[in-house]
Amino acid sequence: MNKSELVFIPCPALSHLIPTIETAKLLLLRDNRLSATVFLPPHIYVIDTIAETYVETTSSNPTFSSRLKFIRLPPIQHSNKHFFEHYNVQIPNVRREISNLLTNEQNPRLAAIVLDIFCVGLVSVAAEFGLPAYLFFTGGATCLGIYQHFVSLRFDRDEDVTRYKNTEVDLPVPCFSLPVPAKVLPMMTVDETSPPGIFLTHFKMFSEVKGILINTFYDMEPYAVESLLSDDKTPEIYPVGPVLKVESKWFAEDDDVKKWLDDQPENSVVFLCFGSLGIFGEEQVREIAKGLENSGTRFLWSLRKSYNPKIERERSEYFEGFSERTKGFGRVMEWAPQAAVLAHPAVGGFVSHCGWNSTLESVWFGVPMATFPMHAEQQLNAFYLVKEMGMAEAITLDYQMDFTGEKPPESVGWEVIAGGIRRLMEEEGGSGVRRKVEEMRKKAREALVEGGSSYNALTRFIEDVMTNVD
Ligand code: UDP
């Protein structure tokens with residue numbers, strides 16, 4: 001039996017790390033010739049404690065322990081603040097660890113290196129050792145299609161892509177059937193100011209890998225998958241998703257919020273959660289609170305703390321009255337066990353920032369979303385879900401956080417929020433979104449079982465990887 005090993009290098013943030021490692025686990029379960037070593041780069045700003053706990057639990061899981069190993073890459077001091085550089089400086093560490101694996105005679109033969117998109121700069125190390133590199137793309141196929149298109153505009157056609165920034169134009173793009181408004185494009189495709197060209201220069205390296213695993217499934221994005229398949233600049237693609245960690249547990253068996261949810265009627269509660277980073281400005285927090293109060297809907301709101309103690313004090317004063325007024329029909333908590341909440345029968349709608357993991361989780365549990373994107377590629381996901389697929393209600397499609405603090409976004413008003421929630425929670429979900437999400441829920445599950453599209457894509461990937469060591 002030809003034993004082979006894959007090296008995974010994920011970005012250590014929760015929403016990239018978990019699907020990458022869950023994919024590694026899936027591969028090991030599917031084929032016992034495979035083992036995996038995960039190189040863990042240091043955290044960028046702060047330690048992601050949830051990601052850390054996840055790594056600890058996974059590495060002590062006896063099902064995988066002998067075939068799934070973790071190697072922590074030590075931090076390297078550098079002055080360039082851009083996060084691509086944070087991974088690029090790891091080249092000497094990665095080179096050393098790969099060399100150790102190759103020279104260790106006990107180790108299975110290395111078949112490939114699988115990189116996160118933010119670690120794509122490490123593709124050069126794979127080339128040095130003559131190892132094939134693959135990408136694990138944690139977003140959707142539509143998002144990958146947009147990155148590929150903008151790389152082509154920028155480098156093949158020498159276009160100044162920054163001219164689309166903050167404009168009202170609609171652009172025809174190969175991976176969407178509808179023209180895409182410039183306002184929903186990921187900022188990293190059109191804003192090349194900090195530092196110039198950094199994203200597209202890195203995304204251009206996608207063409208250097210042998211294949212791209214995508215956390216999606218064919219029926220979720222058929223148009224984009226077909227367009228990537230027919231694009232000769234895009235390497236082989238493997239839509240293997242949804243790969244999720246959905247067995248998320250409540251924090252305790254007698255969890256107070258869970259007990260409250262248990263007492264609510266089926267599909268009566270709207271859940272609000274805005275991803276791992278979802279911090280809003282105070283004005284927006286109050287508009288959401290007022291929107292909830294006026295929607296007349298039961299709610300569970302996962303609200304991140306502000307880092308500013310003064311704001312936190314003012315907020316807790318405001319929230320005293322809010323909690324009093326919404327007592328019995330609403331709950332606010334900080335970090336929520338999102339998958340467990342979405343799996344609860346009382347939860348009938350999800351106001352989401354449209355991060356790709358959250359999108360897939362909403363589909364997996366058949367809970368329709370109302371869109372409230374904040375950053376990264378979330379506006380594009382929101383547009384896709386609402387306009388192209390008719391699978392979500394819109395609260396906003398183009399709300400955009402500004403991390404420079406120069407141009408804070410205009411708050412979405414409480415009336416818009418309350419209206420969106422009411423439409424979402426109607427029995428059929430406004431324009432039938434509940435039925436469409438339910439259909440997609442079934443297709444997501446079918447994709448993963450034997451003979452399903454994602455199951456077959458994973459088989460193709462394994463076969464390809466095995467040819468690397470033949
Ligand atoms: N999540 C959670 N509880 C929270 C917020 C987020 O469990 O209060 C999980 C969520 O289930 C998802 C991930 O964190 O798996 C967020 O990933 P996503 O891609 O949706 O957004 P990002 O964090 O990258 O903005």
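Whatever order the structure lists ligands and atoms in, that order sets their numbers, starting from 1.
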N/O to N/O below 3.5 Å, does that happen between [X] and ligand 1?
{"X": "Glu361", "answer": "yes"}
{"X": "Ser276", "answer": "yes"}
{"X": "Ala336", "answer": "yes"}

Ring centers of [X], [Y] separated by less than 6.0 Å:
{"X": "Phe372", "Y": "Phe280", "answer": "yes"}
{"X": "Phe84", "Y": "Phe118", "answer": "yes"}
{"X": "Phe461", "Y": "Tyr134", "answer": "yes"}

Exercise. Under 4.0 Å, heavy atoms only, figure out whether ligand 1 is touched by the backbone of Cys273, its side chain, both or neither.
Key: side chain

Quiz item: Which bit of Ser302 gets closer than 4.0 Å to ligand 1, counting heavy atoms only: side chain, backbone, both or neither?
Solution: side chain

Out of all atoms in ligand 1, which are within 4.0 Å of some heavy atom of [X]? Include the element for each.
{"X": "Gly275", "value": "5 (C), 6 (C), 23 (O)"}
{"X": "Gln378", "value": "25 (O)"}
{"X": "Leu14", "value": "14 (O)"}
{"X": "Trp356", "value": "19 (O)"}
{"X": "Gly355", "value": "18 (P), 19 (O), 20 (O), 21 (O)"}

Quiz item: Within a radius of less than 6.0 Å around CD of Glu283, do more than 12 heavy atoms belonging to other residues, nucleotides or ligands occur?
Solution: no

Quiz item: Is it the case that more than 12 heavy atoms not belonging to Lys204 sit under 6.0 Å from its NZ atom?
Solution: no

For [atom], which protein heavy atom lies nearest, and how many Å away is it?
{"atom": "atom 9 (C) of ligand 1", "value": "Trp335 CZ2, 4.1 Å"}
{"atom": "atom 17 (O) of ligand 1", "value": "Ser15 CB, 3.3 Å"}
{"atom": "atom 20 (O) of ligand 1", "value": "Ser358 OG, 2.5 Å"}

Practice problem: Rounded to the nearest 0.5 Å, what's the gap from CD1 on Ile146 to CZ on Phe203? Could you check? | Solution: 12.0 Å

Quiz item: Does at least one non-hydrogen atom of Lys245 fall below 4.0 angstrom from an atom of ligand 1?
Solution: no

Practice problem: Please state whether Arg304 comes within less than 4.0 angstrom of ligand 1, counting heavy atoms only. | Solution: yes

Practice problem: Would you mind checking if Asp255 and Lys259 are paired as a salt bridge, meaning a charged N to carboxylate O distance below 4.0 Å? | Solution: no

Quiz prompt | Lys/Arg N to Asp/Glu carboxylate O, Lys310 vs Glu314, below 4.0 Å | solution = yes

Practice problem: Apply the side chain to side chain donor-acceptor pair (under 3.5 Å) test between Glu439 and each candidate in Lys443, Lys442, Arg435; give the one that qualifies. | Solution: Arg435

Quiz item: Any idea which of Thr359, Asn357, Asn381, Asp48 brings a heavy atom closest to atom 18 (P) of ligand 1?
Solution: Asn357

Quiz prompt | Closest to atom 25 (O) of ligand 1 among Met333, His353, His16 (heavy-atom distance) | solution = His353

Quiz item: Looking only at side chains, do Tyr399 and Glu410 share a donor and an acceptor under 3.5 Å apart?
Solution: no

Quiz item: Does Leu277 offer a backbone N or O that forms a donor-acceptor pair with the side chain of His353 under 3.5 Å?
Solution: no

